Enquirer: 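The structure is given below, and queries will be raised subsequently.
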Amino acid sequence: MDKTYEPQSIEQQCYQRWEEEGLFKAKGTDAPTGNPYCILLPPPNVTGSLHMGHGFQQTIMDVLTRYHRMKGDNTLWQVGTDHAGIATQMVVERQLNAQGKTRHDLGRDDFISKIWEWKEHSGGTITSQMRRLGTSPDWDREVFTMDENLSKAVTEVFVKLHEDGLIYRGKRLVNWDPVLHTAVSDLEVLNEEEAGHMWHMRYPLADGSGSGSIVVATTRPETMLGDTAVAVHPDDERYQSLIGKEIKLPITGRLIPIIADDYVDPEFGTGCVKITPAHDFNDYDMGKRHNLPMINIFTPDAKMNDEAPEAFRGLDRFDARKQIVEQLEADGILVKVDDHKLKVPRGDRTGAVIEPYLTDQWYVAIDELAKPAIDAVESGEIRFVPENWNKTYYQWMHNIQDWCISRQLWWGHRIPAWYDNDGNIYVGRNEEEVRTKHSLAADVVLKQDDDVLDTWFSSALWPFATMGWPEQTPELETFVPSSVLVTGFDIIFFWVARMIMMTKKFTGKIPFKDIYITGLIRDESGDKMSKSKGNVLDPIDLIDGIDLESLVAKRTSGMMQPQLAAKIEKRTRKQFPEGIHAYGTDALRFTFAAMASTSRDINFDMGRVEGYRNFCNKIWNASRFVLMNTETEDTGRDGGELVLSLADKWIWAQFQQTLTEFEKALGEYRFDIAAQTVYEFTWNQFCDWYLELTKPVLNNDEASDAEKRGTRHTLINVLESLLRLLHPLMPFITETIWERVAPLSALDFKAGDSIMVQPFPAVDAAKKDEQVLADIEWVKRFIVGIRNIRGEMDIAPSKPLSVLLRNVSSDDERRLGISRTFIDRLARLDAITILAAGEQAPASATALVGEMEILIPMAGLIDKEAELARIAKAMDKLEKDLGRFKGKLSNEKFVSNAPPAVIEKEKAKLADTESQLAKLKAQQETIAAL
RNA sequence: GGACGCUUAGCUCAGUUGGGAGAGCAUCGCCCUUACAAGGCGAGGGUCACUGGUUCAAGUCCAGUAGCGUCCACCA
C-alpha cells in the first residue's frame, strides 16, 4: 500500500467497477430473498447541481442502503430526477434570451424540443455528482418525471381524480407571478417583511354634502382603481351614519357603497378599508359575501389594463402607484403617508411581487384526500423521526386549502382536458378517449388545455409511479410501502404530505413507514448558505479540493448583485487562505454522518472534515501496519494452532460491543452516534491500544508460533470485520483496503470480490468476554499511571524504569501474570518488584490501580518538590469528591429515600476515595520527611 | 397571532427512562518510539442562558424570563 492516504487515486476506479458489475441492483422481485428494504430518492431537479444538503441526505440514504444490502435485505434505492417545470424552463429561456430570442419566437413545440435537447446534454450533472459521493442507487431503474411511464401515471391520476370529483376547474383569485405569467400555489409564495408606506386617502361621499368624507388607509394605493366598496366594522360608532351610503371614488368617479363587515379591525388605521375584490384575498372573500363587483385592473404583466382611466393604461403597477399618488396629492385627497412595514408576497423562483389575480385554474379538492393522510400519521403507521415534526404536519394538514395545480408554462405534464368551441370541458386519457366517451362527432373541434401541471403533482406520485403503476407490477407489491424517506423539513408540505395523500388514494397503502427529517446545513456561523452571501460550499470541492483563486472566482461569478463580490472575495480569502484541501469522499461522508444529530440546523464545521480526513489516514496507516505484519506471514488461514493473547481476546470482545452499539444507533437513525462509536473503537481502542499490544507478541522472540499466529490471525480478521463495519459510512477506503486484507482473512475470498456485497459483521456471542475487558482495563490503568508520572515529572518516555508494587491482591498478581509483557513494553519497564507486606520502600512517586500502589523510586529521577506538588493536586481533587460523598451520605433524606443500589454505589465511592487519599497522605508524609 | 426549536469548554456539537459534566477542533508541555507529525504521550479549560418549582438528587422533569432561529397565518 502507498505510504500516504490519497483519496483521489482510489475513489473513481472503485465506483466504476461497482456500477459496471451491477452491484447496486436490487435482488429484484422474481425470486427475492431477504426482506424488502427500499428508499426513494427525493428526485433532485434535473437542472440542479449537488449542494451540501443533497450531500448530507444522500450520504444518509447510502449508509442505510449499503447497510441493509450487506444485511441481506432485498435492497432498492430508487433514483431519478425531476423535470422541475419552472426551473428548467427558466434555464433554457435564459439561454435563448442570450441569443436575443424568446420562447415565443420558437413556439411551444420547438421550445420543448430545445428543453429535451438541453436535458440530454446537461441534465446529468447531479447524477454524475452523486456518483462522486459514492451513492449506490439502482441506476438501471433511474427515472425522469417526464418519462413516458411516469407521464402515463400522471394522466391516469388526473383523470381518476376528476372522475371522483376531486379535480375541478374554477375562476378564483390566485397567486399570479407576473414575470412567469403563471399561477403558483400558496406554498410557492414567500412572505417577507419589507419597508413600505401606508397612504391615507380621503374618499368623498357621493351625496356631495361637502364636508362628508371617509379616510381609508392602504399599502397599495394603485389598487384603488379596482375598489368596489369601502368597509367599516358594523359596531364602529364613528361610522354608523355612513353605512349604506356611497362614496365617489376619486380619479374614476365611480360610485361605491360603504358596507359593514366584521373583518374590519376598528383599531387598525382609520378603521375604514378600501375593498378591491379582484386584487386582494381578504377583499375577495368580502366581495363574495357582499356580492360586490370584481374589477380586474391588471394585465398578466401586472400593468394597468383598460379598466383604468386612459392616463394610466399600460403603466406598470409600481409606476402607476407613483402617478396615482401624485394625482391624489394634487387633488388634495392624500391625507398623509406613514412609513409602514408590511409582508410582501414574492414568488419563490422569480422574486417578483406576486399579484392576486382572477383566472381560471384547475384545483384538487383536498379535504377528502387529507383525511386518510392524517390518519396514517396519527395511527403511527407512518412515523416522523424526530417525532415532533408530526405537529408541523398536522398543523398544515388540518388547515389545508385546495391545491391549484395548473401552471401557465410550457414545460411539464400537459393537462388532459379538451375544450370544444362552446367552452365545454372534457377530461380523458387522450383526445380519442374523450371523443368516444362523450360521443363527439368527428367535426367537433377539440383543443387541449394549454396549461401544464404543477411539478409537485407528478412528484406526489413518486412512491408508486416509479414502481410501474398503473400496471399491477411485482415492484408495486414488494417496494410499496418503502422503508424510510430521508428529506428536509422544507418540503414536508410540498412533497411529503402530498405523497401520503396520493399514495393512500391510489394504492391504499402508505408510501413509506418512517420519515427521517434531516437538519438544514448552514455555514460555520449558522447562516444559510446562499450565493449572495458567498458562503456556499460545494461538496465536490471538499472532495477534490480547490485552490483559492478558483474558489473566489466561483463564488463571485454569475451574481445577481455584483456589488457584493468584493465583500465575498474578502471573506473567502480570509476563511480559506490556502483554498480548500482535498479531503476525499469518505471523509466528507463520515462528516455528514457524524453531524446528523437530531438538531434542526447543522452548522458545518470544516474542522470536522479535516478531523475525519485524519481518521481515514489513521485507518490507512493502521491497515499498513496490519498488512506489514501479515502479508508475508502465517495468519492461520490454512490451519495451524492459534493461541490468542489477552489483547487478542480483548479486541474481539470490544468489537462485539462496538458492533452492537453501531447497529442500535442505525436502527434509531442516530448516525452521529454510529459514527462516533466506530471512530472511538477504531482510533482509541484498535489503534491506540490493540496495535501497540500486538507488538510485544510479534516482536518477542520467546513467543511461540501459535501465539504469533494467533495474534496475526486476530489482527487481520478484526481489521477485515472492521472494514465491513465501516463500509456503509466510508465505501471507498474500505473497499480498497479490504481487497488486500480479505485474502489473508478467514473469509472464503475469491479474486474480484467486493466488500459492498459481503455480509455485514454479525455479533458473535462467543467472543464477548467481560473478564477480559476488565483485565485490559486494569492493564491500561497500570500503563497510564506510569505514563502520567513520566509526563508530569518530565521523565523521557524512552527511559526504562524499575517499579515496585505494594498492596498487591491475588487478582492483581493474576493480571500481572497474564499481561507482564504488555506492561513492560508499553510502560517501558525493565523491572517490577512486588513488595512483601510490611517491607520498606524507598521514597517514590505513586500511581494507584485500585488498591494496588505502583511506586517509582525517585532517586535521581524525581524532584521532591515536584512530587509533593503533584500529590497535593491529586489530593485536592480527591478531597473535593470526598466532601460531596460524605455530604450526601450524611443526608438523612438521601439515605432514607434513594434506592439502595444508589446508596451502595455512593458508599463504595466514598470508601474508594478515602483509601486513595490515605495512600497519598502516607506518600506525602514520607516524601516531606526526606 | 399560532406552532416548533435552540442557548453545555475558546469554536462546532453530543449528553437516550433524573443518580459522580463528554467528543472533535483549538490551546499548553514532552516526544521524529520502524503503521501513522494528517502522528504519539500527557495537561489545562465549563455557577450546563437566567429565575423559581418538583425531588433525597435536575444539564436532564415542570413553570416563567431573556436572547436567537424556523415554519404557518395575517390588519387594509
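Every chain is numbered from 1, with letters handed out A, B, ... down the list of sequences. Here the structure is a predicted model, which means the values were calculated and not measured.
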Enquirer: Look at all strands and tell whether W683(A) reaches a base, only sugar-phosphate, or nothing, counting heavy atoms closer than 4.0 Å.
Expert: sugar-phosphate
Enquirer: Only one of R321(A), R317(A), H279(A) clears side-chain hydrogen bond (donor to acceptor under 3.5 Å, both in side chains) with E222(A); which?
Expert: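 When side-chain hydrogen bond (donor to acceptor under 3.5 Å, both in side chains) is applied between E222(A) and each of R321(A), R317(A), H279(A), only R321(A) qualifies.
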Enquirer: Would you classify S597(A) as touching base, sugar-phosphate or nothing, given that sugar-phosphate means primed atoms plus P, OP1 and OP2, and contacts are heavy atoms under 4.0 Å?
Expert: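 Result for S597(A) = sugar-phosphate.
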Enquirer: Can you figure out which of A76(B), G42(B), A14(B) approaches the side chain of T219(A) most closely?
Expert: A76(B)
Enquirer: If you measure from the P atom in G5(B) to the same atom in U47(B), how many Å do you get, rounded?
Expert: 28 Å
Enquirer: Let's see if you can work this out: which of C13(B), G39(B), A35(B) has an atom nearest to the side-chain heavy atoms of N614(A)?
Expert: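 For the N614(A) side chain, the nearest candidate turns out to be G39(B).
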Enquirer: Under 4.0 Å between any heavy atoms, over every strand shown, what does R828(A) touch: base, sugar-phosphate, or nothing? Just pick one.
Expert: nothing
Enquirer: Compare the minimum distances between each of C56(B), C36(B), G20(B) and the side chain of N621(A), then state the nucleotide with the smallest one.
Expert: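 Of C56(B), C36(B), G20(B), C36(B) is nearest to the side chain of N621(A).
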Enquirer: From the options A43(B), G40(B), C4(B), select the nucleotide whose nearest atom is closest to the side chain of K391(A).
Expert: C4(B)
Enquirer: Just how far, in rounded Å, is P of G24(B) from CZ of F590(A)?
Expert: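 It works out to 12 Å between those atoms.
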Enquirer: For nucleotides C13(B) and G46(B), find the distance between their C1' atoms and express it as a whole number of Å.
Expert: 14 Å
Enquirer: How long is the line joining CD1 of I733(A) and C1' of C36(B), in whole Å?
Expert: 12 Å
Enquirer: Sequence neighbours left out, what pairs pass salt bridge (charged side-chain N to carboxylate O under 4.0 Å, His left out) with at least one residue falling in residues 667-690 of chain A?
Expert: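 Output for this query lists K664(A)-E668(A), R670(A)-D672(A).
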Enquirer: Select base, sugar-phosphate, or nothing to describe what Y5(A) touches, counting heavy atoms under 4.0 Å on all strands.
Expert: base
Enquirer: Is any side-chain nitrogen or oxygen of H340(A) closer than 4.0 Å to OP1 or OP2 of A76(B)?
Expert: yes
Enquirer: Please tell me which of L190(A) and Y263(A) maps to the more 5' nucleotide of RNA chain B, matching each residue to the nucleotide holding its nearest heavy atom.
Expert: L190(A)
Enquirer: Between atom CD1 in I521(A) and atom P in U70(B), what is the gap in whole Å?
Expert: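 Rounded to whole Å, this separation is 17 Å.
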Enquirer: Regarding K343(A), tell me which of base, sugar-phosphate or nothing describes its non-hydrogen contacts under 4.0 Å with the strands shown.
Expert: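 Base contact.
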Enquirer: C36(B), OP1 or OP2 - any side-chain N/O from K3(A) closer than 4.0 Å?
Expert: yes
Enquirer: Looking for any heavy atom pair under 4.0 Å, which part of the strands does R670(A) touch: base, sugar-phosphate only, or nothing?
Expert: sugar-phosphate
Enquirer: Over all strands shown, is N388(A) touching base, sugar-phosphate only, or nothing at heavy-atom distances under 4.0 angstrom?
Expert: sugar-phosphate
Enquirer: Identify, between K893(A) and N788(A), the residue whose nearest nucleotide on RNA chain B lies closer to the 5' end.
Expert: N788(A)
Enquirer: Picking from G40(B), A76(B), G2(B), which would you name as closest to the side chain of D688(A)?
Expert: G40(B)
Enquirer: Need the pair for C71(B). Rule: Watson-Crick or G-U wobble, both distances under 3.5 Å, any strand; none if unpaired.
Expert: G2(B)
Enquirer: Quantified in whole Å, what is the C1' atom distance between nucleotide C61(B) and nucleotide U16(B)?
Expert: 15 Å
Enquirer: Give the nucleotide from the list A35(B), A38(B), A76(B) with an atom nearest to the side chain of L342(A).
Expert: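 Selected nucleotide (nearest to the side chain): A76(B).
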Enquirer: Determine, using ring centers only, whether H398(A) and W396(A) are less than 6.0 Å apart.
Expert: no
Enquirer: Using a 4.0 Å heavy-atom cut-off, does K880(A) contact any base of the nucleic acid, only the sugar-phosphate backbone, or nothing at all?
Expert: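 K880(A): no heavy atom of the nucleic acid under 4.0 Å.
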Enquirer: Searching all strands shown, indicate the nucleotide that pairs with U60(B) (Watson-Crick or G-U wobble; both distances under 3.5 Å).
Expert: none
Enquirer: Watson-Crick or G-U wobble partner for C13(B), using a 3.5 Å limit on both distances?
Expert: G22(B)
Enquirer: Heavy atoms under 4.0 Å, any strand shown: does R624(A) hit a base, just sugar-phosphate, or nothing?
Expert: sugar-phosphate
Enquirer: Tell me whether the NZ or CZ atom of R781(A) lies within the 45° cone about the ring axis of W689(A) and under 6.0 Å from its centre.
Expert: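 Not flagged: R781(A) not positioned over aromatic ring of W689(A).
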Enquirer: Could you identify the nucleotide paired to U54(B), looking across every strand shown and requiring Watson-Crick or G-U wobble geometry with both distances under 3.5 Å?
Expert: none
Enquirer: For V784(A), report the nucleic acid contact type (base, sugar-phosphate, nothing); a contact means any heavy atom under 4.0 Å.
Expert: sugar-phosphate
Enquirer: Please state the C1' separation for the pair C48(B) and G42(B) - nearest whole angstrom.
Expert: 27 Å
Enquirer: Nearest to the side chain of D605(A), which nucleotide is it out of G24(B), A76(B), G20(B)?
Expert: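 Nucleotide nearest to D605(A)'s side chain: G24(B).
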Enquirer: Hey, does E692(A) reach any base, or is it just sugar-phosphate, or nothing, if we go heavy atoms under 4.0 Å?
Expert: base
Enquirer: Under 4.0 Å: is that the gap between some side-chain N or O of N399(A) and OP1 or OP2 of A73(B)?
Expert: no
Enquirer: Establish, from distance only, whether the side-chain atoms of T276(A) and K274(A) form a donor-acceptor pair under 3.5 Å.
Expert: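 Looking only at side-chain atoms, K274(A) and T276(A) do form a donor-acceptor pair, the distance falling under 3.5 Å.
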Enquirer: Using a 4.0 Å heavy-atom cut-off across all strands, classify C272(A) as base, sugar-phosphate, or nothing.
Expert: nothing
Enquirer: For the residue pair K780(A) and F822(A), would you count it as a cation-pi contact if the rule is NZ or CZ under 6.0 angstrom from the ring centre and within 45 degrees of the ring axis?
Expert: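 Ring-cation test returns no.
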Enquirer: Could you check which nucleotide pairs with C28(B) in any of the strands shown, counting Watson-Crick or G-U wobble with both distances under 3.5 Å?
Expert: G42(B)
Enquirer: Looking at A3(B), U70(B), G20(B), which one has an atom nearest to any side-chain atom of F489(A)?
Expert: U70(B)
Enquirer: Is the gap between the ring centers of F489(A) and Y393(A) under 6.0 Å?
Expert: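 Not under 6.0 Å, so no.
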Enquirer: Under 4.0 Å between any heavy atoms, over every strand shown, what does S798(A) touch: base, sugar-phosphate, or nothing? Just pick one.
Expert: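 Nothing, no heavy atom under 4.0 Å.
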Enquirer: Only counting residues at least two apart or in another chain, list the ones meeting ring pair (Phe, Tyr, Trp, His ring centres under 6.0 Å) with F615(A).
Expert: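 With sequence neighbours excluded, F615(A) shows a ring pair (Phe, Tyr, Trp, His ring centres under 6.0 Å) to F590(A), Y679(A), given in chain and number order.
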Enquirer: In whole Å, measure the gap between the C1' atoms of U60(B) and G19(B) for me.
Expert: 11 Å
Enquirer: Quick one: W389(A) CH2 to U70(B) P, roughly how many Å, whole number?
Expert: 12 Å
Enquirer: Which nucleotide, in any strand shown, forms a Watson-Crick or G-U wobble pair with U65(B), with both distances under 3.5 Å?
Expert: A49(B)
Enquirer: On a whole-Å scale, what distance lies between the P atoms belonging to C41(B) and A26(B)?
Expert: 16 Å
Enquirer: Look through every strand shown and name the nucleotide pairing with A76(B) as Watson-Crick or G-U wobble, where both distances are under 3.5 Å.
Expert: none
Enquirer: Would you kindly check whether a donor in the side chain of K618(A) faces an acceptor in the base of C36(B), or vice versa, at under 3.5 angstrom?
Expert: yes
Enquirer: Checking N621(A) side chain against N617(A) main chain: does a donor-acceptor pair fall under 3.5 Å?
Expert: yes
Enquirer: Kindly point out which of C74(B), G69(B), C56(B) is positioned nearest to the side chain of N897(A)?
Expert: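 Between C74(B), G69(B), C56(B), the one nearest the side chain of N897(A) would be C56(B).
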Enquirer: Taking atom P of G42(B) as reference, at what distance in whole Å does atom CG of D794(A) sit?
Expert: 15 Å
Enquirer: Closest approach to the side chain of K873(A), judged atom by atom: which nucleotide of A43(B), A14(B), G19(B) is it?
Expert: A43(B)
Enquirer: Check every strand shown and say whether D265(A) touches a base, only sugar-phosphate, or nothing at a heavy-atom separation below 4.0 Å.
Expert: base
Enquirer: How far does the P atom of A35(B) sit from the matching atom of G40(B), given to the nearest Å?
Expert: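 Looking at atom P only, A35(B) and G40(B) are 14 Å apart.
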Enquirer: Side chains of D227(A) and Y203(A) only: does a donor on one sit below 3.5 Å from an acceptor on the other?
Expert: yes
Enquirer: For A14(B) and G20(B), measure between their P atoms and round to the nearest Å.
Expert: 22 Å
Enquirer: Given A35(B), is OP1 or OP2 found less than 4.0 Å from the side-chain N or O atoms of K695(A)?
Expert: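 Checking A35(B) against K695(A), a side-chain N or O does come within under 4.0 Å of OP1 or OP2.
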